Amino acid sequence: MTDTIFALSTPPGRSGVAVIRLSGAGSGAILDALAGKPRPRPREAALRRLRDRQNATLDRALVLWFPGPASFTGEDSAECHVHGGEAVIEGVFEALRAEGARPAEAGEFTRRAFENGKLDLTEAEGLADLIEAETEGQREQALAQMGGALKTLYEGWREDLIAILSAIEGEIDFPDEDDVPGALAATAGPGVGALIAALETHLDDDRRGEIVRRGFTIAIIGAPNAGKSSILNRLARREAAIVTDIPGTTRDIVEVRLVLAGFPVILADTAGLREASDRVEAEGVRRALERARDADLRLGVIDGTDKGARPPDALRDGDILIVNKSDLGASDSLGAIAVSATTGAGFDALEAELSARVAARLSRREAPALSRARHREAVEAALSALRRGRARLIDAPELAGEDVRLAIRAMESLTGRIDVEDVLDRVFSQFCIGK
Ligand SMILES: Nc1nc2c(c(=O)[nH]1)N(C=O)[C@@H](CNc1ccc(C(=O)N[C@@H](CCC(=O)O)C(=O)O)cc1)CN2
Ligand SMILES: Nc1nc2c(ncn2[C@@H]2O[C@H](COP(=O)(O)OP(=O)(O)OP(=O)(O)O)[C@@H](O)[C@H]2O)c(=O)[nH]1
Ligand SMILES: [Mg+2]
């Protein structure tokens, strides 16, 4: 029999109402012990006095009873919605302990839901992402994943692979005398080819789902004194970075988080690019170039009053060029956005352009996006096994069968069908206590 676990599912500390959750076979009896009989009707709130074993009143609370298997965890579970005072919560915890329940570990409720088949691993990850979601775009992606978008895809591929495997095995076990060499390539080949194409399309996503989760990164780069830090501050609407008229002011990377088009964006200010003799500044320049290389988008800034100014070399096709200091009558330059970090002129256009870029890159497509490196690695493993398998269909059907089996296993590790204990530990430990 599993332990009965409990946890505070609302944030720790004082609150108007705090939700304490309970799950496991002992939940019903423990609820009876604290709240008295009769037990509330399933999934309906009832107002009850909670008492400890000494009959001291702990609170007047709303309690709920969720008999398994039709519960979130699939087990018998219960909730006490108590007043969110420390002594109330501590008192209820103590009473729960006295009745034999133990505190839950991070993610343990969801892990039980997973183990009882209420959700697969990708849906559990979607739930974790939903709790972390800070923007609309993140919420949308998390809800889709929690609703089974990736599960449906991966389970579907798994079934296709099983059908292919049985065709291969049938050919190995009952070879047909009339078969011409390469018969298997003709029967199983198209299915393998279609799967390879589907996996390739899934992977060829510009890392959209992963970027929605972690944030779209933008690096501001350019010569010293061009006004990079001033631009960052204006976009952030606060004085995040130091601004002076001394060239070489910024050395460390200064990051601010923004929301553009409903997506999280990490905007980074960097050291002005030049041949620096100062060792500290030189390290700043090295970091600036590194960040420019790794960013999803670069904003090159040039000082419009500097006649010899050129776009930074680190700028790539599709990046954005900004000519700053338009208040000083900067010269117009083709294809660049003219702004003044001092007056704010041009910033509406700049923000609109940035939002459009982020939306174009991250907006939801028809197909569900993989959202974690874990997904990418498993799909890549399946893909390379299938490519190898396809090449072996003619000469080595046994080996081709092994490759298809590997691809099946990759799908099963994605959905958590096969126990990969370290993967489970990693996924569920990311949850907060009480989820
Ligand atoms: N108070 C409270 N609010 C909450 C939750 C909770 O556990 N408690 N949730 C926790 O995540 C979310 C709601 N999600 C839930 C998902 C499934 C079930 C559940 O009992 N499912 C049963 C079917 C119940 C029915 O049909 O009425 C099942 O899947 O068998 C409950 C909550 C968000 N809000
Ligand atoms: N007139 C005017 N001055 C500006 C504008 N933007 C920045 N400045 C000034 O230009 C100087 C340099 O600005 P910063 O924002 O520190 O420039 P930076 O590119 O971050 O410089 P480094 O950190 O040294 O690379 C400061 O004196 C700013 O006040 C602008 O749009 N108009
Ligand atoms: Mg600066």
Side-chain angles (χ1 to χ4, degrees), residues 7-10 17-23 41-45 61-82 107 109-110 112-114 116-119 123-124 126-128 130-131 143 146-147 220-236 239-254 268-274 276 278 281 284-285 287-288 299-306 309 312 322-330 337-347 350 431-432 434-435:
L8 186 64
S9 285
T10 40
V17 175
V19 175
I20 298 169
R21 252 182 162 182
L22 192 59
S23 186
R41 285 211 296 247
R43 296 182 296 279
E44 285 183 17
L62 285 177
V63 298
L64 290 104
W65 163 238
F66 302 96
S71 67
F72 171 74
T73 57
E75 306 175 322
D76 284 355
S77 1
E79 290 181 6
C80 298
H81 297 201
V82 301
F109 290 94
T110 310
R112 288 185 176 195
F114 166 76
N116 291 321
K118 292 277 167 180
L119 354 110
E123 290 170 334
L127 173 53
L130 184 63
I131 290 169
L143 278 170
M146 190 176 90
I220 307 179
I221 56 171
N225 257 0
K228 301 178 296 300
S229 300
S230 307
I231 288 169
L232 175 100
N233 289 348
R234 193 166 272 283
L235 289 169
E239 303 301 307
I242 298 171
V243 168
T244 75
D245 57 4
I246 305 165
T249 297
T250 305
R251 276 111 186 266
D252 285 314
I253 287 171
V254 179
D269 180 26
T270 64
L273 302 171
R274 67 172 169 186
D278 178 336
E281 192 184 342
V285 171
R287 292 183 187 201
L299 295 189
V301 181
I302 55 180
D303 180 337
T305 64
D306 175 356
I322 301 173
V323 179
N324 189 33
K325 310 196 185 181
S326 64
D327 56 296
L328 298 179
I337 301 176
V339 301
S340 166
T342 301
T343 67
F347 272 75
L350 175 58
F431 280 83
C432 27
K435 193 64 223 178

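What you are looking at is a predicted structure, and each value in this text was computed from that prediction instead of being measured. Counting convention: from 1, in listed order, for ligands and their atoms alike.
- Distances from atom 26 (O) of ligand 1 to the protein include no heavy-atom value under 4.0 Å.
- Within ligand 2, the atoms closer than 4.0 Å to a non-hydrogen atom of Asp245 are 27 (O), numbered from 1 in the order shown.
- The shortest distance between side-chain heavy atoms of Glu75 and Phe109 does not fall below 4.5 Å.
- The closest approach between a heavy atom of Ile246 and any atom of ligand 2 is below 4.0 Å.
- Atom OG1 of Thr342 is separated from atom CG of Asp327 by 5.0 Å, given to the nearest 0.5 angstrom.
- When only non-hydrogen protein atoms are considered, atom 15 (O) of ligand 2 lies nearest to Ser230 OG, 2.5 Å.
- For the pair Thr250 and ligand 2, the shortest N or O to N or O distance falls below 3.5 Å.
- Residue Ala288 comes nearest to Ile221 through the heavy atom pair O-CG2, 4.4 Å, listed as atom of the first residue, atom of the second, then distance.
- Of all heavy-atom pairs between Ser340 and Asn324, the closest is CA-OD1, 3.7 Å.
- The backbone of Pro69, and not its side chain, has at least one atom closer than 4.0 Å to an atom of ligand 1 (non-hydrogen atoms only; backbone = N, CA, C, O).
- The protein reaches atom 10 (C) of ligand 1 closely, with a heavy atom under 4.0 angstrom from it.
- Protein heavy atom nearest atom 28 (C) of ligand 1, with residue, atom name and distance: Lys118 NZ, 3.2 Å.
- The nearest protein atom to atom 12 (C) of ligand 2, hydrogens excluded, is given as Asn225 OD1, 3.1 Å; this is a heavy-atom distance.
- When every heavy atom of Asn225 is checked against every heavy atom of Lys325, the shortest pair comes out as O-NZ, 2.9 Å.
- Here the heavy atom of the protein found nearest to atom 23 (C) of ligand 1 is Ala70 O, 4.0 Å.
- When each atom of ligand 2 is checked for a heavy atom of Leu328 under 4.0 Å away, the hits are 1 (N).
- At the Mg ion (ligand 3), the angle from OG in Ser229 to OG1 in Thr250 is 90° when rounded to 10°.
- The CD atom of Glu123 sits 10.5 Å away from atom CZ of Phe114, with the distance rounded to the nearest 0.5 Å.
- Lys435 NZ, 4.8 Å is the protein heavy atom nearest to atom 12 (C) of ligand 1.
- Remark: minimum distance from atom 31 (O) of ligand 2 to any protein heavy atom is reached at Ala341 N, 2.9 Å.
- Side chains of Ser229 and Val254 form no contact here, defined as non-hydrogen atoms less than 4.5 Å apart.
- Atom numbering of ligand 2 starts at 1 in the shown order; those under 4.0 Å from a heavy atom of Ser340 are 31 (O).
- In this structure, CG on Leu232 lies 8.5 Å from OG1 on Thr250, to the nearest 0.5 angstrom.
- Protein heavy atom in closest approach to atom 24 (O) of ligand 2: Gly248 N, 2.7 Å.
- Annotation: side chain of Arg234 is not in contact with side chain of Val339 (no heavy-atom distance under 4.5 Å).
- Side-chain contact between Phe431 and Leu127: present, with at least one pair of heavy atoms (C-beta onward) separated by less than 4.5 Å.
- Shown in contact with Ala226 at under 4.0 Å from a heavy atom are these atoms of ligand 2, numbered in order with element: 19 (O).
- Under the 4.5 Å side-chain criterion, counting only non-hydrogen atoms from C-beta, Leu130 is in contact with Leu143.
- The residue from Arg43, Arg21, Glu79 that puts a heavy atom closest to atom 1 (N) of ligand 1 is Glu79.
- The minimum heavy-atom distance linking His81 with Val17 is given by the pair CB-CG1, 4.1 Å.
- Among Asp327, Thr305, Ile302, the residue whose heavy atom lies closest to atom 1 (N) of ligand 2 is Asp327.
- For the residues Thr249, Thr342, Thr244, the heavy atom positioned nearest atom 16 (O) of ligand 2 is part of Thr244.
- In terms of heavy-atom proximity, Ser9 sits nearest to Arg21 at OG-CD, 3.1 Å.
- Within the 4.0 angstrom cut-off, atom 3 (N) of ligand 1 has no protein heavy-atom neighbours.
- The distance from atom CD1 of Ile220 to atom CD1 of Ile231, rounded to the nearest 0.5 Å, is 6.5 Å.
- Of the heavy atoms in Asn324, only side-chain atoms (C-beta onward) come closer than 4.0 Å to ligand 2.
- Compare Phe66, Phe72, Phe109 by their heavy atoms: the one nearest to atom 16 (C) of ligand 1 is in Phe72.
- Note that CZ of Phe66 is 11.0 Å distant from CG of Leu22, once rounded to the nearest 0.5 Å.
- Numbered from 1 in the order shown, with element, the atoms of ligand 2 that lie under 4.0 Å from a heavy atom of Gly272 read 25 (O).
- For atom 8 (N) of ligand 2, the closest non-hydrogen atom on the protein side is Lys325 CE, 3.8 Å.
- Of all protein heavy atoms, the one closest to atom 28 (C) of ligand 2 is Val243 CG1, 3.7 Å.
- Side chains of Asp76 and Pro67 form a contact here, defined as non-hydrogen atoms less than 4.5 Å apart.
- Distances from atom 6 (C) of ligand 1 to the protein include at least one heavy-atom value under 4.0 Å.
- Within ligand 2, counting atoms from 1 as listed, the ones closer than 4.0 Å to a heavy atom of Pro247 are 24 (O).
- When all heavy atoms of Lys228 and Thr270 are compared, the closest pair comes out as CE-O, 3.3 Å.
- Closest to atom 25 (O) of ligand 2, if we only count protein heavy atoms, is Lys228 NZ, 2.7 Å.
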